[in-house]
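Data first, discussion second: the structure below is written as structure tokens.
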Amino acid sequence: QSMIEAMLRERWGDVSGFSRLAEGLASQAFSFRHDAAEYVVRINGSIAGFEKDSYVSRRFASSALPIPEVVSIGRFDEGHALCISRRAPGVRLHDLNARSSSQIVNPSLQVMESIAASDLVGTTGFGPFDAGGAGPYSSWKDFLMALPMPGASTGRGPDEARTWAS
């Protein structure tokens, strides 16, 4: 933690309020303030996810899709990448209690509808996309057929899924 804060001070100058955030799926996360703005720095072994975050931020962020702006991506050291983005207000969905969860159902549905309505002009392919918006599969069916199928050991899952995908 102190190494990350020291790196931020070296690269950004005056930073304050440095604190650890709950970790994401694959990254350590910390918040900090600089010039009266709040930021998040994430550290991960791979830069690829951060590059995708930057693409999504530039390409799809809007008032309906509040995706934080990625302001910097780079190397922290030989084995770790870093991503600095503006901090978005709010909490993580899985940190909410039952009462709070019920209050965010409609706003969450609105965000999902906005995602579904996104203009995909300039993107290609299907499946997990890269930092340029290109998916590796030529069709949604090809992507689904490449997924490991639950129930494959029973002989039932893949046939049912393949019939559905056809």
Side-chain angles (χ1 to χ4, degrees), residues 1-137 143 147-148:
Q1 181 172 334
S2 62
M3 291 174 48
I4 298 166
E5 186 174 6
M7 177 275 306
L8 287 171
R9 290 184 190 286
E10 180 181 308
R11 295 183 188 183
W12 284 50
D14 184 37
V15 298
S16 62
F18 185 82
S19 64
R20 183 179 210 101
L21 297 173
E23 295 183 8
L25 293 174
S27 299
Q28 292 183 335
F30 304 88
S31 65
F32 69 97
R33 284 184 297 285
H34 173 73
D35 288 343
E38 293 189 45
Y39 296 90
V40 171
V41 58
R42 293 176 291 148
I43 308 293
N44 188 302
S46 171
I47 202 166
F50 297 152
E51 290 171 337
K52 288 171 63 169
D53 289 350
S54 180
Y55 169 78
V56 169
S57 171
R58 289 187 321 272
R59 179 69 173 75
F60 298 107
S62 68
S63 59
L65 286 176
I67 302 167
E69 175 190 7
V70 172
V71 296
S72 178
I73 297 174
R75 301 301 306 174
F76 176 65
D77 59 26
E78 276 190 44
H80 297 91
L82 68 90
C83 177
I84 299 174
S85 56
R86 295 195 182 276
R87 185 168 185 183
V91 297
R92 299 179 320 161
L93 292 178
H94 66 275
D95 289 340
L96 296 173
N97 61 31
R99 181 170 184 255
S100 296
S101 293
S102 68
Q103 295 172 344
I104 57 92
V105 170
N106 285 334
S108 296
L109 288 173
Q110 291 170 351
V111 168
M112 286 187 248
E113 288 171 355
S114 295
I115 292 168
S118 293
D119 181 0
L120 298 180
V121 170
T123 64
T124 60
F126 296 84
F129 60 92
D130 63 17
Y137 297 93
F143 167 62
L147 293 173

Taking [X] for the side chain and [Y] for the main chain, is one N or O donor matched with an acceptor at less than 3.5 Å?
X	Y	result
D119	V121	yes
R75	E78	yes
S114	Q110	yes
H34	S16	no
S100	N97	no
R86	V71	no

Closest non-hydrogen atom pair, [X] against [Y]:
X	Y	result
Y137	P128	CE1-CD, 4.5 Å
I73	C83	CG1-SG, 4.3 Å
R9	V15	NH1-O, 2.8 Å
R42	A29	CG-CB, 4.0 Å
G132	D130	N-OD1, 2.8 Å

- Check step by step if side-chain contact (heavy atoms from CB on, under 4.5 Å) holds for F60 and L120. CA-CA 9 Å; F60 298 107; L120 298 180; 4.1 Å; yes
- Task: Please test R33 against R87 for side-chain contact (heavy atoms from CB on, under 4.5 Å), starting from the C-alpha separation and ending with a verdict.
- Result: CA-CA 9 Å; R33 284 184 297 285; R87 185 168 185 183; over 6 Å; no
- Message: D53 vs S85, test: side-chain contact (heavy atoms from CB on, under 4.5 Å). Steps then yes/no.
- Response: CA-CA 9 Å; D53 289 350; S85 56; over 6 Å; no
- Item | F32/Y39 aromatic ring centres below 6.0 Å |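 Yes - the distance between ring centres of F32 and Y39 falls below the 6.0 Å cut-off.
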Going by heavy atoms in the side chains, are [X] and [Y] under 4.5 Å from each other?
X	Y	value
L82	F30	no
L65	S118	yes
M3	F76	yes

- Output the distance between atom CD (E5) and atom OG (S19), rounded to the nearest 0.5 Å.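 Interatomic distance, E5 CD to S19 OG, rounded to 0.5 Å: 9.5 Å.
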- Task: Kindly compute the distance separating CZ (F50) from OG (S57), expressed to the nearest 0.5 Å.
- Result: 14.0 Å
- Item | Neighbour count above 12 (heavy atom, 6.0 Å) for R99 CZ | no
- Query: With respect to S27, which candidate in I43, N44, V40, L21 satisfies the side chain to side chain contact (heavy atoms under 4.5 Å, CB included) definition?
  - Reply: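 Single side chain to side chain contact (heavy atoms under 4.5 Å, CB included) partner of S27 among I43, N44, V40, L21: N44.
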